[in-house]
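Down below is the structure, laid out as structure tokens.
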Amino acid sequence: MMKQVIRLSTAIKLTYNQFRMSHTLPRTVQAAVMKGPHQPITIEEFPMPELPVGGILLKTILSEVCGTDIHIHHGRLGSVPYPIIPGHVSCGVIAAIRSSEPINDIHNRPFKEGDVVAFLDVAETCYSCYYCSVVKQITRCTHRKVYGITYSCNDGRLLGGWSQYIQLVPGTKLLRFPDGLDPVSYCGGGCGLNTALHTVDRANVQLGDNVAVLGVGPVGQSVVAFARLSGAARVLAIDSESDRLEFARQMGASHTFNLRDYSHIEENDRIKEINCLSDSGYGFDVCIECAGTPKAVHDALLYTRDGGRVVITGQYTDVGSIEINPHQLINKKHIQIRGCWGSDFSHFYRAIEIQSKYHTQYPWKRMIGKTFQLSEINEAMKAVAERSMVKAAIAPNGTDWF
Ligand SMILES: [Zn+2]
Ligand SMILES: [Zn+2]
């Protein structure tokens, strides 16, 4: 089904129009394959798949490498059907559509070959399980399928973005790029953008709120921007890496707090320092945990004012437990705690619209440390795993989009 190839490519510069025009379909497609946890990722060659009726083929412009891919590579995400072609958030040009009927966007405008599009990485939700149809928690659908995560490539289908072409299953939710939005900004926001929008919805940020964001990785950075856009008067970014905090300022943080600078002081003094940074001095109206450590959940409860809200977003994989005194930290403080898992089409649609309007104000583009070629995928993974860059992008067709 697939055979391994080793090819080094050099990036070439093309305009989008040139990229769109050059879509004569090749007979084979190169894609990066993750065979299992901790195994090196290899480049494999697949036959160009035949599209099912209703299927769409994209020529990939960019795909992201994010923390989720690292979790998958470390075997920390349950039920991943290795081997897979990773890459969940991606964008591309429509290279082929197989349908006798038009395939329309949500405004009833037909998609056509040459359109630059992004798609919701959740390829399938059933709309008929208990979670989809009764309690309306679509992100918890029991039949949820996600590109680059829950599809094996054993059947030869190209269902991940680290591939020259991506095969979209019938029913995939696509959006044409709004005017002005560029693929680099889009991939800079990446999956974190949708999660961040969902998170800020869950946080119910009000005009004038003081918001603290614990952890400013890819999700946290977009949470800072969306909290600001929601009318937060003050947004404090908390992290232990100064470059991330500096970037959070560009994403709209009014204040920053570097945990590393305060590691030598008593915890109670640190809490006082942070709570003093809220306007009232009582603590923050809203604390949003995007750090991915159990301790950050504990700290979020400490930094929230009585009657405030805490949203927990960073615990995407099981990173362990933390002891919490429910009387002191929840009951007596009268705190609302909300979890946030994944995102659905509404978040994707709104996030991309917001990004198209604000991408010059909030530099999502600069979240990408570097664009890598397919042959450099292991280096890209290493850079993200070692946190030497917030996010990396993959250009599987060897094009330099910067
Ligand atoms: Zn369902
Ligand atoms: Zn991601």
Side-chain angles (χ1 to χ4, degrees), residues 32 34 41 60-74 76-77 79-80 84-92 118-151 159-163 166 169 171-173 183-199 215-223 290 292 313-317 340-348 351-352 355 364 367-369 371-372 377 380-381 383-385 387 389-394 396:
M34 193 186 283
I41 295 157
T60 313
I61 294 177
L62 280 180
S63 187
E64 65 163 7
V65 180
C66 78
T68 302
D69 302 305
I70 307 300
H71 293 318
I72 296 170
H73 199 218
H74 290 171
R76 287 203 298 262
L77 216 62
S79 60
V80 175
I84 59 166
I85 299 172
H88 42 285
V89 166
S90 319
C91 57
F119 56 93
L120 181 67
D121 61 348
V122 181
E124 297 175 51
T125 33
C126 73
Y127 301 107
S128 49
C129 73
Y130 173 75
Y131 282 111
C132 281
S133 56
V134 179
V135 291
K136 311 268 171 74
Q137 296 296 315
I138 291 172
T139 65
R140 300 303 303 140
C141 172
T142 49
H143 299 94
R144 197 168 178 261
K145 292 270 192 192
V146 184
Y147 286 101
I149 301 176
T150 64
Y151 290 107
L159 300 173
W162 301 357
S163 169
I166 308 167
V169 299
T172 296
K173 296 214 164 3
V184 182
S185 295
Y186 173 69
C187 273
C191 58
L193 197 73
N194 304 344
T195 307
L197 193 132
H198 193 186
T199 300
V216 280
V219 174
Q221 297 287 358
S222 290
V223 165
C290 303
T313 286
Q315 313 290 304
Y316 181 62
T317 56
C340 180
W341 172 268
S343 53
D344 65 28
F345 182 71
S346 69
H347 309 115
F348 171 57
I352 214 169
Q355 206 183 25
W364 280 285
M367 299 237 296
I368 294 184
T371 300
F372 292 84
I377 186 66
M381 287 287 282
V384 175
R387 295 166 67 100
M389 54 186 69
V390 173
K391 188 169 281 202
I394 300 293

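Counting starts at 1 for both ligands and their atoms, following the listed order.
- Atom NE2 is the N/O/S atom of H88 found closest to the Zn ion (ligand 2).
- For D69, every N, O or S atom stays at 2.8 Å or more from the Zn ion (ligand 2).
- The environment of NE2 in H143 is sparse: at most 12 heavy-atom neighbours from other residues, nucleotides or ligands sit within 6.0 Å.
- Separating the OH atom in Y151 from the CD1 atom in I85 is a distance of 12.5 Å, to the nearest 0.5 Å.
- Considering S128, C126, S133 in turn, C126 is the only one that fulfils the side chain to side chain contact (heavy atoms under 4.5 Å, CB included) rule with C141.
- Here the N, O or S atom of E64 that is nearest to the Zn ion (ligand 2) is OE2.
- The Zn ion (ligand 1) has an N, O or S atom of C132 closer than 2.8 Å.
- Each of F345, Y186, Y147 was scored for a ring-ring contact (aromatic ring centres under 6.0 Å, His included) with F119, with one residue passing: Y147.
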